[in-house]
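Only this structure's heavy atoms are used, side chains among them; waters, hydrogens and symmetry mates stay out. Ligands are counted one by one from 1 in listed order, and the atoms in each one are counted from 1 as well.
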Amino acid sequence: MHYTSTRDASVRVTAAQAISAGISAEGGLFVPTQLPTVTPADLQAWAALPYAARATAVLSRFLTDFTAEETAACCKAAYGERFDTPAVAPLRTMGDGRYILELWHGPTCAFKDMALQILPHLMRVSISKTAPNQKIVILVATSGDTGKAALEGFKDAPGTEILVFYPQDGVSDMQRLQMVTQEGDNVHVCAIKGNFDDAQAGVKSLFTDPAVLAALQAKGMHFSSANSINWGRLVPQIVYYISAYCDLLASNDIQMGDAVNIVVPTGNFGNILAAYYAREMGLPVGKLICASNRNRVLTDFFESGTYDCNRPFYTTTSPSMDILISSNLERLLYHLSGNDAVEIARLMESLKKDKKYTVSPQVRQAMDELFAAGCADDSVVAQTIRRTFEDTGYLCDTHTAVAVAVQEDYRARTGDNTPTIIASTANPHKFAPAILDALGAADSADAYAMSQELEEKTGCCVPAPLRALRDKAIRFTDVCEKDKAGMQAAVNRLLQLDGI
Ligand SMILES: *Cc1c(COP(=O)(O)O)cnc(C)c1O
């Protein structure tokens with residue numbers, strides 16, 4: 001199995017090369033040239049397996065240059081005791097055809113752990129095949145959750161340094177505390193005076209800057225990415241949609257072949273793209289429902305066929321979705337355009353130059369068939385958290401509530417009663433102030449007191465890793481300018497790379 005670039009059809013690399021490079025040299029994203037399939041017999045067999053074994057089965061079809069032992073060892077190391085439930089990604093039934101897929105039982109309490117607990121292992125194996133003596137510098141742009149999950153995954157991983165950029169005023173208190181207290185000898189954290197899109201653009205341009213790359217190379221180092229532009233982030237995310245289907249089979253909630261809808265609260269389009277891949281592989285999925293917050297650039301795109309980020313950027317109660325440039329949409333458009341790298345290069349050039357593009361009627365039609373989209377602003381999110389808690393006793397975080405609200409709206413609008421999996425992406429305690437506010441109980445104390453209050457009010461316990469933060473020292477206070485020069489200076493300073 002090989003991977004190519006969304007912007008250059010002549011690229012052919014192995015999984016190990018795609019994972020260790022992170023992004024293709026001309027700026028495109030790696031995509032499989034052909035997808036493996038999932039058959040009913042596979043699903044039947046996997047329904048009887050624990051999560052790590054399901055992951056091994058799925059990943060081994062993508063990582064064909066890894067040995068079976070290597071893939072199994074990565075999955076076993078990732079999906080074990082660092083998750084607080086043996087199910088790893090448990091599916092909770094709401095009793096009305098809706099199922100909440102909880103993806104936040106890992107060490108940082110957000111769904112990013114599902115991929116970032118395994119990525120360092122995949123990276124280690126990949127590097128051993130592609131660049132055995134190089135030091136890997138992981139550069140991360142985060143809207144809040146990726147940063148912490150990547151730090152936790154890569155801390156003290158041999159042969160790696162990790163550097164995370166987060167928007168200074170764009171993350172929750174708890175998210176910031178998680179990052180600035182990070183332990184480990186190879187970790188660096190820096191705030192930028194800008195938003196997530198600035199951080200992501202800066203990281204991407206550092207990745208592809210020939211001068212920076214040459215200087216790094218001279219020091220025996222090379223960059224890689226822990227953002228969902230890295231194929232190694234996406235492929236582990238395909239697993240939990242397949243796993244959720246297996247759980248529904250095992251509990252007899254559905255019969256083999258029954259379609260399910262999947263709703264995903266979306267920012268960078270990574271998580272929902274993984275659901276799209278699961279569907280393309282043969283998982284019986286009806287609609288993929290893309291849920292946005294007030295930054296509704298994706299909703300408008302699915303409605304109009306024009307992606308346009310000439311619009312205000314809003315800070316919302318679901319900060320991990322405060323994104324205007326959804327990187328992974330590039331991969332979807334590549335596939336829907338019939339693998340047309342020339343067309344994708346053109347669209348991405350237009351995005352860079354005019355901050356917008358319009359897709360062809362053919363792509364538009366494919367989008368309509370596969371996807372539905374909707375958005376929910378902060379007030380709808382607050383009402384949804386409160387109503388869902390009062391009606392069902394289930395407490396959702398602000399991101400999950402975006403998905404719940406969009407799903408309810410979709411069902412009311414279309415009458416589509418297909419069983420539905422809703423991706424739940426964070427533990428409510430990461431966003432306690434907004435959730436307390438939704439429940440009508442906010443006070444003005446610090447993040448820890450808020451979390452304690454949320455526990456007392458709802459019975460939803462503060463997770464141990466968040467409780468433990470209070471006793472940790474703040475290690476990182478760096479701030480840099482949002483432009484490439486500012487970020488480059490921070491890289492030089494933090495990694496002590498004089499002369500770049
Ligand atoms: C990252 C994140 C999202 C958005 O996921 P994408 O893959 O970027 O679309 C949603 N919710 C939470 C809690 C997140 O951390």
Check your understanding: Any N or O of G270 that comes nearer than 3.5 Å to an N or O of ligand 1?
Key -> yes

Check your understanding: For ligand 1, which atoms have a heavy atom of D145 less than 4.0 angstrom away?
Key -> 12 (C), 13 (C), 14 (C), 15 (O)

Exercise for review: Before accepting this row, confirm whether a basic side-chain N of the pair E349/R7 lies closer than 4.0 Å to the acidic partner's carboxylate O.
Suggested key: no

Check your understanding: Is P265 in contact with ligand 1, taking contact as a heavy-atom separation below 4.0 Å?
Key -> yes

Check your understanding: Quick check: does M321 get an N/O under 3.5 Å from an N/O on ligand 1?
Key -> no

Review point. Salt bridge or not for E152 and K148, using N-O below 4.0 Å?
Key: yes

Point to revise | Test: R98 and E408 ion pair at under 4.0 Å | key: yes

Practice item. Could you find the nearest protein heavy atom to atom 11 (N) of ligand 1 and give me its residue, atom name and distance? Key: T425 OG1, 2.8 Å

Practice item. For atom 7 (O) of ligand 1, grab the closest protein heavy atom and report residue, atom and distance to one decimal in Å. Key: N271 N, 2.9 Å

Revision key, fill the gap. Atom 6 (P) of ligand 1 has as its nearest protein heavy atom N268 N, 3.6 Å

Exercise for review: Any atoms of ligand 1 less than 4.0 Å from a non-hydrogen atom of G267? List them with their elements.
Suggested key: 4 (C), 6 (P), 8 (O), 9 (O)

**Study point:** NZ/NE/NH1/NH2 to OD/OE distance under 4.0 Å, E183 and K155
**Key:** no

**Study point:** K482 atom NZ, neighbour heavy-atom count above 12 within 6.0 Å
**Key:** no

Exercise for review: State whether the shortest distance between N or O atoms of S228 and N or O atoms of ligand 1 falls below 3.5 angstrom.
Suggested key: no

Point to revise | Numbered atoms and elements of ligand 1 in range of T266, under 4.0 angstrom, heavy atoms | key: 9 (O)

Review point. Is any side-chain N of the basic residue among D145 and K430 closer than 4.0 Å to the acidic one's carboxylate O?
Key: yes

Practice item. Considering the heavy atoms of A426, write down every atom of ligand 1 situated less than 4.0 Å from one of them. Key: 13 (C)

Review point. Any idea which of F196, F269, F111 brings a heavy atom closest to atom 5 (O) of ligand 1?
Key: F111

**Study point:** Heavy-atom closest pair, residues V180 and Y166
**Key:** CG1-OH, 3.8 Å

Review point. Between D300 and R311, is the closest basic N to carboxylate O distance under 4.0 Å?
Key: yes

Exercise for review: May I ask you to decide whether E303 forms a salt bridge with R296, counting only side-chain N to carboxylate O separations under 4.0 Å?
Suggested key: yes

Review point. Quick one: nearest non-hydrogen protein atom to atom 1 (C) of ligand 1, plus distance?
Key: K112 NZ, 1.4 Å

Exercise for review: May I ask you to check whether S143 has an N/O atom sitting below 3.5 Å from an N/O atom of ligand 1?
Suggested key: no

